[in-house]
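What follows is a set of notes on a single structure, which appears directly below.
Every heavy atom of this structure was used, including side-chain atoms; hydrogens, water molecules and symmetry mates were not. Letters A, B, ... mirror the listed sequences (proteins, then strands); counts begin at 1.
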2 protein chains.
Amino acid sequence: MTESATSTPLPEPATGEIRLTAVLHALADPVRLQIVRQLAEGHEDMACIAFSLPVTKSTTTHHFRVLREAGVIRQHRRGTSRVSTLRTADLEQAVPGLLDRVLAAAQTEALRHPVDPPSDAPTME
Amino acid sequence: MTESATSTPLPEPATGEIRLTAVLHALADPVRLQIVRQLAEGHEDMACIAFSLPVTKSTTTHHFRVLREAGVIRQHRRGTSRVSTLRTADLEQAVPGLLDRVLAAAQTEALRHPVDPPSDAPTME
DNA sequence: TTCGTAGTTCGCCGAGCGTCGTACTTCGAT
DNA sequence: ATCGAAGTACGACGCTCGGCGAACTACGAA
């Protein structure tokens, strides 16, 4: 094997193939948004296990796959771990400014509502 | 009835109750994104029937409801029609810059891909 | 080599979404 | 009062999604 086993990028869309609706859908899930927020918070590349997510391993794999197939993150292997990186530059080119605004809004909302209620809209219905 | 029948706003979340994930989810659907784009394209208030959407009346009602309950649009009656308006200012306060970036990205993508394939990722799988 | 850790894959389940058709309501016009 | 046009409400359908557990793979360490 002439390939280096420590850098095997998993299949992902090219920058030009990143679709707006796919990105929006990927970011619309609370768990995935939490992953993206943690990735953006300085830790540029983290193993999946490092994220303290309220779901099981297989569900975690699922969410990372959705993010990767939407073009939001890049994944490659490092030893027995899977390292994830935000595709900041690619996203900036495909959907300029979107990631920053989403992250800023998520931060603001997190400060207002420390715990995220499932889906209650108190002032409506 | 002392209420004026020509301005009956339908139930909608207050500005502070607009949730990021709800907005992202509302904008993640191609039909709803098309509605928002048409609303942003100058026609500030349009009747539902004025949108040439590839779905039936009842589905149209459903999509307008999702957009309204997410806080993206406001709806009120005018005669036998339903007039919809983008809540631009409220969105700017709740999720600053998000709407503009989504609209810009949608415009760019529409120029690249005139017709939107269902969900094919040609360079992947 | 054996073992443990980290992820993946698969099938399954329940819930929700998008879609439709069919009533039903509401309003303006006749 | 009657009719038609614009929307809404409701139920049904198929599909997707998010969640899980169990079995499997891949890699490092002992």
Side-chain angles (χ1 to χ4, degrees), chain A residues 1 3-12 19 21-22 24-35 45-70 73-84 116 118-121 125, chain B residues 1 3-12 21-35 45-70 73-84 116 118-121 125:
Chain A
M1 6 349 206
E3 308 283 354
S4 103
T6 57
S7 66
T8 311
L10 274 72
E12 64 184 26
R19 308 305 246 105
T21 52
L24 292 174
H25 172 253
L27 298 177
D29 183 90
V31 175
R32 290 193 291 262
L33 187 55
Q34 182 177 342
I35 294 173
D45 44 350
M46 297 176 59
C48 293
I49 193 67
F51 299 81
S52 53
L53 299 173
V55 291
T56 63
K57 274 198 306 180
S58 50
T59 307
T60 300
T61 298
H62 164 67
H63 284 309
F64 274 90
R65 171 195 287 265
V66 172
L67 286 171
R68 175 170 48 83
E69 293 186 344
I73 66 172
R74 170 168 296 127
Q75 290 186 290
H76 59 95
R77 321 189 59 130
R78 182 149 68 192
T80 168
S81 289
R82 186 76 72 188
V83 171
S84 301
D116 209 329
S119 55
D120 284 88
E125 71 235 17
Chain B
M1 343 9 192
E3 308 284 354
S4 103
T6 56
S7 66
T8 309
L10 272 72
E12 64 185 25
T21 53
V23 174
L24 291 175
H25 171 253
L27 298 177
D29 183 271
V31 176
R32 290 193 290 262
L33 187 55
Q34 183 177 341
I35 293 174
D45 44 350
M46 296 176 60
C48 293
I49 194 66
F51 299 79
S52 53
L53 300 174
V55 290
T56 62
K57 274 199 305 178
S58 49
T59 306
T60 301
T61 298
H62 164 68
H63 284 309
F64 273 89
R65 172 195 287 264
V66 173
L67 286 171
R68 174 169 49 82
E69 292 185 346
I73 66 173
R74 171 168 295 127
Q75 290 185 290
H76 59 94
R77 322 188 59 130
R78 183 148 68 191
T80 168
S81 290
R82 186 76 71 188
V83 171
S84 302
D116 208 330
S119 57
D120 282 89
E125 70 239 13

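Closest to the B:V55 side chain, of the nucleotides D:dC20, C:dT19, D:dA6, is C:dT19. Residue A:S81 has its side chain nearest to C:dA6 when only C:dG18, C:dA6, D:dC20 are considered.
Nearest heavy atom pair, residue A:H76 against residue A:L10, reads CA-CD1, 4.4 Å. A:P54 and A:Q34 get closest at one heavy-atom pair: CD-OE1, 4.5 Å.
Each of B:I73, B:L67, B:I35 was evaluated against B:S84; a single residue qualifies, B:I73, per the side-chain contact (heavy atoms from CB on, under 4.5 Å) test.
Atoms CG (A:D29) and P (C:dA15) sit 18 Å apart, rounded to a whole Å. In this structure, CD1 of B:I73 is placed 13 Å from C1' of D:dG7, rounded to the nearest angstrom. If you take CZ of A:R78 and P of D:dC27, they are 15 Å apart, rounded to a whole angstrom. One interatomic measurement links the two molecules: CG of A:L53 to P of C:dG7, which rounds to 11 Å at whole-angstrom precision. For the pair A:R32 CZ and D:dT16 C1', the interatomic distance rounds to 12 Å; values are reported in whole Å.
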Every protein N/O lying under 3.5 Å from an N/O of nucleotides 21-23 of chain C:
unit_1: C:dG21; atom_1: N7; unit_2: B:S58; atom_2: OG; d: 3.3
unit_1: C:dG21; atom_1: O6; unit_2: B:S58; atom_2: OG; d: 2.9

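OP1 and OP2 of D:dC17 both lie 4.0 Å or more from every side-chain N or O belonging to A:H63. B:R77 has no side-chain polar atom (N or O) that falls below the 4.0 Å cut-off from OP1 or OP2 of D:dT8. In this structure, A:T61 reaches the C:dT8 phosphate: one of its side-chain N or O atoms is under 4.0 Å from OP1 or OP2. Contact between the side-chain N/O atoms of B:R82 and the OP1/OP2 oxygens of D:dT8 is found at a separation under 4.0 Å.
Under the rule for a side-chain hydrogen bond (donor to acceptor under 3.5 Å, both in side chains), the partners of A:T59 that lie at least two apart in sequence or sit in another chain are A:T56.
If you check every strand for non-hydrogen atoms under 4.0 Å, B:H62 touches a base.
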Can I get a per-line list of side-chain donor-acceptor pairs under 3.5 Å for residues 22-30 of chain B, giving both atom names and the distance, sequence neighbours left out?
unit_1: B:D29; atom_1: OD1; unit_2: B:V31; atom_2: N; d: 2.9
unit_1: B:D29; atom_1: OD1; unit_2: B:R32; atom_2: N; d: 3.2

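The CZ atom of B:F64 sits 6.5 Å away from the CD atom of B:Q75 when rounded to the nearest 0.5 Å.
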